[in-house]
Amino acid sequence: MKISLMKKLSIAIVIAILGSIVLTSFISNYFVSRKFQEYLIDEHKTKENEAIKMIEGLYTDQNTIKNKGEIQRYAELQTMFIEVKDLNDNILYSSGSNYLKGNGRMKNMMGSIMNNFSGMNLNDYTENKYPLTVNSKNVGSITIGYFGTSFITSGSVDFISALNHSFLLSGFIALIFALIISVIISKGISKPIKNITDIANNMREGNLDIRSQTNTNTKEINDLSNSINYLAETLSHQEMLRKRLTSDISHELRTPLTTLKTHIEAFIDGIWEPTPERFNAFYNEIERLTKLVDNLRNLSKYEQENLKLNISRVNLSKELEKIIDSFTPMYNKENYALVSTLSPDIFAYVDSDKFTQIMTNLLSNSFRYLKKDGLVKVILDKVKDNIIIQIIDNGIGISEKDLPHIFERFYRSDISRAKNTGGSGIGLTITKALVEAHGGKVSVESKEGNGTTFTLVFPSE
Ligand code: ADP
């Protein structure tokens with residue numbers, strides 16, 4: 001059975017609060033009652049002492065007690081049994097043996113008191129015997145008897161019952177308070193979560209423009225709301241890319257195919273002579289198509305989460321030198337300069353084929369977008385735990401509008417399209433996927449007209 005979050009939270013909060021109230025009430029009731037009992041016993045001791053003092057004051061030299069009425073009043077007032085005997089066990093005074101032991105009215109009264117002090121026996125009659133000492137001389141004995149609870153006055157009973165009532169009342173008030181608080185708290189948590197769930201359901205149905213507006217100060221829910229918005233953003237971006245990818249692929253394929261088709265039609269119709277130059281142009285178009293298809297295949301492979309890399313410990317300084325050497329003739333042919341500053345013997349764990357591909361992509365791009373007096377500098381260095389490679393060119397640069405998009409699939413600047421560079425807008429997407437598969441990062445800085453710098457950061461071994 002599924003319970004709503006709000007119900008679950010409310011029940012949990014109410015149970016927690018109720019549990020703590022019951023527990024606190026029991027514990028405080030127990031300790032207060034115990035302390036109170038101790039206090040009452042102390043009080044009773046004081047009364048016994050008072051009685052003894054009074055009897056000692058009323059003892060006369062003739063071995064008698066004067067003013068017995070005073071003791072009687074005291075005994076009745078304090079519900080005590082008092083008996084005074086001389087050294088020969090002759091009773092000098094007795095408050096009456098039946099007074100306490102047989103007093104049914106008093107038993108009833110004490111019975112009600114007992115409800116407040118569990119564990120005490122109503123018939124628990126106790127007698128204490130004290131010496132009767134006058135002028136430091138033992139002249140007899142005083143017996144003081146009382147029932148287990150007879151020292152509990154009605155005032156103390158009131159106190160205990162008021163205490164219990166206050167526990168009950170505060171428990172009841174706390175319960176209402178707990179109910180209100182639990183509803184407020186659980187609503188505050190469950191409502192935004194429900195909103196976010198609605199947004200997610202909306203997204204599932206294809207509405208990727210919807211965003212969560214959840215306004216809450218609960219950090220986790222806020223994070224969840226931001227994450228769902230980020231997800232929506234990413235999904236709609238991916239959706240846009242997917243649509244663009246399809247239209248870009250068809251566009252990229254259609255252009256060379258149309259050229260080939262019209263040219264071959266011209267051959268068939270006899271409008272054009274099949275010359276080696278024209279076949280060469282065909283060959284180049286087919287080459288471009290093949291490269292595009294290869295790139296597409298590679299891209300889907302490289303963008304997989306678990307791209308398999310053939311990692312080994314590679315001397316990047318030497319590897320880069322080799323790559324740069326292989327590019328130098330191509331640069332020289334166009335009168336461009338390709339220079340490098342490589343810190344020696346920098347090692348890293350990389351897939352050397354993929355590393356070559358990363359550098360080939362970047363150096364081909366730089367070459368492609370150079371101007372007259374083109375210069376490309378490659379720098380390899382190690383800073384703290386990072387290996388940094390920079391490819392700096394003084395080419396045409398990238399406009400601010402294009403810069404955030406150049407790593408996207410098929411993204412080509414208008415200039416690149418106009419120049420008909422032969423690129424397909426996939427090179428940098430592949431480069432980024434490969435660098436990230438190595439745990440690295442690629443970034444770009446560029447100023448239109450001045451040149452571009454690509455920076456690769458790889459974790460060092
Ligand atoms: P392409 O195959 O078109 O070069 P890339 O993915 O390699 O595709 O590059 C994407 C776009 O980034 C290019 O069309 C170009 O506009 C821009 N770009 C990449 N490298 C450079 C560079 N070194 N100088 C200027 N523009 C560049």
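None of the values given here were measured: they were computed from a predicted structure. Just follow the structure's listing: the first ligand is 1, and inside any ligand the first atom is 1.
Residues Glu445 and Thr452 have side chains not in contact (no heavy-atom distance under 4.5 Å, counting atoms from C-beta outward). Side-chain contact between Ile396 and Glu448 is absent, with no heavy-atom pair separated by less than 4.5 Å.
A side-chain hydrogen bond (donor to acceptor under 3.5 Å, both in side chains) with Thr218 is found for one member of Asn222, Thr216, Thr214 and no other, namely Thr216.
In this model, no donor atom of one side chain and acceptor atom of the other lie less than 3.5 Å apart for Asp393 and Tyr369. When only modelled atom types and interatomic distance are considered, Asn332 and Thr328 share no side-chain donor-acceptor pair under 3.5 Å.
Of the listed options Leu292, Leu370, Ile406, Thr453, Ile406 places a heavy atom closest to atom 17 (C) of ligand 1.
Qualifying ring pair (Phe, Tyr, Trp, His ring centres under 6.0 Å) partners for Phe267, counting only residues two or more places apart in sequence or in other chains: Phe279, Phe282. Applying the ring pair (Phe, Tyr, Trp, His ring centres under 6.0 Å) rule to Phe327 yields no partners; only residues at least two apart in sequence or on another chain are considered.
In the vicinity of Gly427, heavy-atom distances shorter than 4.0 Å reach the ligand 1 atoms 5 (P), 6 (O), 7 (O). Listed by number with element, the atoms of ligand 1 under 4.0 Å from a non-hydrogen atom of Ile426 are 6 (O), 8 (O). Close contacts of ligand 1 with Arg368, meaning ligand atoms under 4.0 Å from a residue heavy atom, involve 1 (P), 2 (O), 4 (O).
The backbone and the side chain of Leu428 each have at least one atom closer than 4.0 Å to an atom of ligand 1 (non-hydrogen atoms only). At a heavy-atom cutoff of 4.0 Å, ligand 1 is contacted by the backbone of Tyr411 but not by its side chain. Residue Thr452 touches ligand 1 through its side chain alone, judged by heavy-atom distances below 4.0 Å.
Between Glu38 and Lys35 there is a salt bridge, with a side-chain nitrogen of the basic residue lying less than 4.0 Å from a carboxylate oxygen of the acidic one.
Between Asn365 and ligand 1, a contact under 3.5 Å exists for at least one N or O pair. Distances between N or O atoms of Gly425 and those of ligand 1 include at least one value under 3.5 Å.
Ligand 1 lies less than 4.0 angstrom from a heavy atom belonging to Ile398. Ligand 1 lies within reach of Ser366, whose nearest heavy atom is under 4.0 Å from it. For Phe407, the heavy-atom gap to ligand 1 stays at 4.0 angstrom or more.
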